[in-house]
Amino acid sequence: MISRRLSFVAAVLVALAAGGAAVPASAAETETAVARGGRLYDNWYKELKTTRPDSTHPSYPASGKSPKNSWRCNACHGWDYQGDKAMGIKGIGGAKGKPEAQIVAVLRDKTHAYTPDLLPDVAANELAMFVSKGQTDMAKFVDAAGKPKGNAAKGEVYYNSLCGVCHGADGKKVSTGMALGQASEYPAAVVHKALNGQPAEAMPMLRAFDHQVTADIVAYSQSLPK
């Protein structure tokens, strides 16, 4: 059943892309690696299907509210990549465009402590690709009040074509966490997941399309039941 659903979604994605210029294989491979890096940024130990470290991350501030998630990149740097000012943590925007090797070195340093045993080299390089090439300017798609800058009417069409086949018309059918209507209260997180996929799940990634499509979907999802 899941394979049929994914085949349907793949067909829709191909249909959406029809008429456009062909994407070079190297560019497609880069997008795939960047998206996986985005999933690693979300939850690297789930994406790698390994266990979460038992300890709190050594650099996680004592004022942090979620020490059990402290090893996830977004726990400190945020879904909007701007960091957490309350905890005194900078965002990752300054790393845009930097060489992946330089970013991997930062991941491996004492502050971040992502050793090869935790984050193998291939995964570290993909995470670095996301940091360098994959950050989205969330301010374009989510306003200062935390509302998605999207067209809900268009989003309904996109949702029914791309998302509803697995998540259901009410957003509750297939989910590893909260219903989509409730998740949409955290629009930057949903935008990130829609663009890059859900860690360790067979979920399409919308990164190759105009990101406004994702913002429209998130705007519509706020009308779904909690």
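The basis for the numbers below is simple: all heavy atoms, side chains too, and nothing from hydrogens, waters or symmetry mates. Only a predicted model underlies this, so the values are computations on that prediction, with no experimental measurement involved.
Going from atom NZ of K193 over to atom CG of N43 covers 7.5 Å, rounded to the nearest 0.5 Å. The distance from atom CG of L118 to atom OG1 of T50, rounded to the nearest 0.5 Å, is 8.0 Å. Taking CG from N69 and OG1 from T56, the interatomic distance works out to 10.5 Å, rounded to the nearest 0.5 Å. Atom CD in E156 sits 10.0 Å away from atom OG in S161 (nearest 0.5 Å). Separating the CD1 atom in I92 from the CG atom in D80 is a distance of 9.5 Å, to the nearest 0.5 Å. Within the model, atoms OG of S66 and OH of Y60 stand 5.5 Å from one another, a figure rounded to the nearest 0.5 Å.
Across K226 and E185, no two heavy atoms sit closer than the pair CE-OE2, 3.5 Å. Shortest non-hydrogen contact noted between A200 and K46 is CB-O, 3.2 Å. Nearest heavy-atom pair, A124 versus L107, reported as atom, atom and distance to 0.1 Å: O-CD1, 3.9 Å. The shortest non-hydrogen separation linking R108 to P120 is NH2-C, 3.8 Å.
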Using side-chain hydrogen bond (donor to acceptor under 3.5 Å, both in side chains), reason through D216 and Q212 one step at a time and then give a plain yes or no. CA-CA 6 Å; D216 292 343; Q212 188 59 49; 3.1 Å; yes
Using the side chain to side chain contact (heavy atoms under 4.5 Å, CB included) rule, take R36 and M129 through it: C-alpha gap first, then chi angles, then the decisive distance, then the call. CA-CA 9 Å; R36 186 163 193 250; M129 287 183 70; over 6 Å; no
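Under a hydrophobic-cluster definition in which Ile, Leu, Val, Met, Phe, Trp and Tyr are linked whenever side-chain heavy atoms come within less than 4.5 Å, directly or via other members, F130 and W79 are assigned to different clusters. Cluster membership for I103 and W44, using ILVMFWY side-chain heavy atoms within less than 4.5 angstrom, is shared. Y159 and V190 end up in different hydrophobic clusters when Ile, Leu, Val, Met, Phe, Trp and Tyr side chains are linked at under 4.5 Å. Taking hydrophobic clusters as Ile, Leu, Val, Met, Phe, Trp and Tyr residues chained together by side-chain heavy-atom distances below 4.5 Å, V34 does not share a cluster with M205. V213 and V191 fall into different hydrophobic clusters, where Ile, Leu, Val, Met, Phe, Trp and Tyr residues are linked whenever their side-chain heavy atoms come under 4.5 Å apart, directly or through other members.
Inter-residue side-chain proximity for L48 and L119 is flagged as met; some heavy-atom pair is nearer than 4.5 Å. Side-chain contact check for N74 versus Y41: some heavy-atom pair is nearer than 4.5 Å. Residues S184 and Y220 fail the side-chain proximity criterion, which asks for heavy atoms closer than 4.5 Å. Within the 4.5 Å cutoff, the side chain of Y114 has heavy atoms near those of the H57 side chain. With a 4.5 Å cut-off on side-chain heavy atoms, W71 and P58 count as touching.
Not counting sequence neighbours, the partners of Y81 by the side-chain hydrogen bond (donor to acceptor under 3.5 Å, both in side chains) test are H192. The side-chain hydrogen bond (donor to acceptor under 3.5 Å, both in side chains) check on H112 picks up D109, with sequence neighbours excluded. Applying the side-chain hydrogen bond (donor to acceptor under 3.5 Å, both in side chains) test to R72 and every residue at least two apart in sequence or in another chain returns D42. Residues satisfying the side-chain hydrogen bond (donor to acceptor under 3.5 Å, both in side chains) criterion with E201, sequence neighbours excluded, are absent altogether.
When L127, L40, V131 are each tested for a side-chain contact (heavy atoms from CB on, under 4.5 Å) with C73, only one passes: L127. Residue L180 forms a side-chain contact (heavy atoms from CB on, under 4.5 Å) with just one option from D170, L224, V218, and that option is L224.
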Can you list, pair by pair, the side-chain donor-acceptor contacts under 3.5 Å of residues 141-150, counting residues two or more places apart and other chains?
{"from": "D143", "atom 1": "OD1", "to": "A145", "atom 2": "N", "distance (Å)": "2.9"}
{"from": "D143", "atom 1": "OD1", "to": "G146", "atom 2": "N", "distance (Å)": "2.9"}
{"from": "D143", "atom 1": "OD1", "to": "K147", "atom 2": "N", "distance (Å)": "2.8"}
{"from": "K149", "atom 1": "NZ", "to": "A139", "atom 2": "O", "distance (Å)": "2.7"}

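Using a cutoff of 4.0 Å between basic side-chain nitrogens and carboxylate oxygens, R39 and E126 are not scored as salt-bridged.
Residue-environment remark: NZ (K96) exceeds the threshold of 12 foreign heavy atoms within 6.0 Å. For NZ of K154, the number of neighbouring non-hydrogen atoms (other residues, nucleotides, ligands) closer than 6.0 Å is 12 at most.
Sorted pairs that involve residues 85-104 and meet ring-ring contact (aromatic ring centres under 6.0 Å, His included), not counting sequence neighbours, are lacking altogether.
Put simply, the side chain of H77 gets close to the backbone of K90: a donor and an acceptor are under 3.5 Å apart. Looking at T214, its side chain never comes within 3.5 Å of a backbone N or O of L195 through a donor-acceptor pair.
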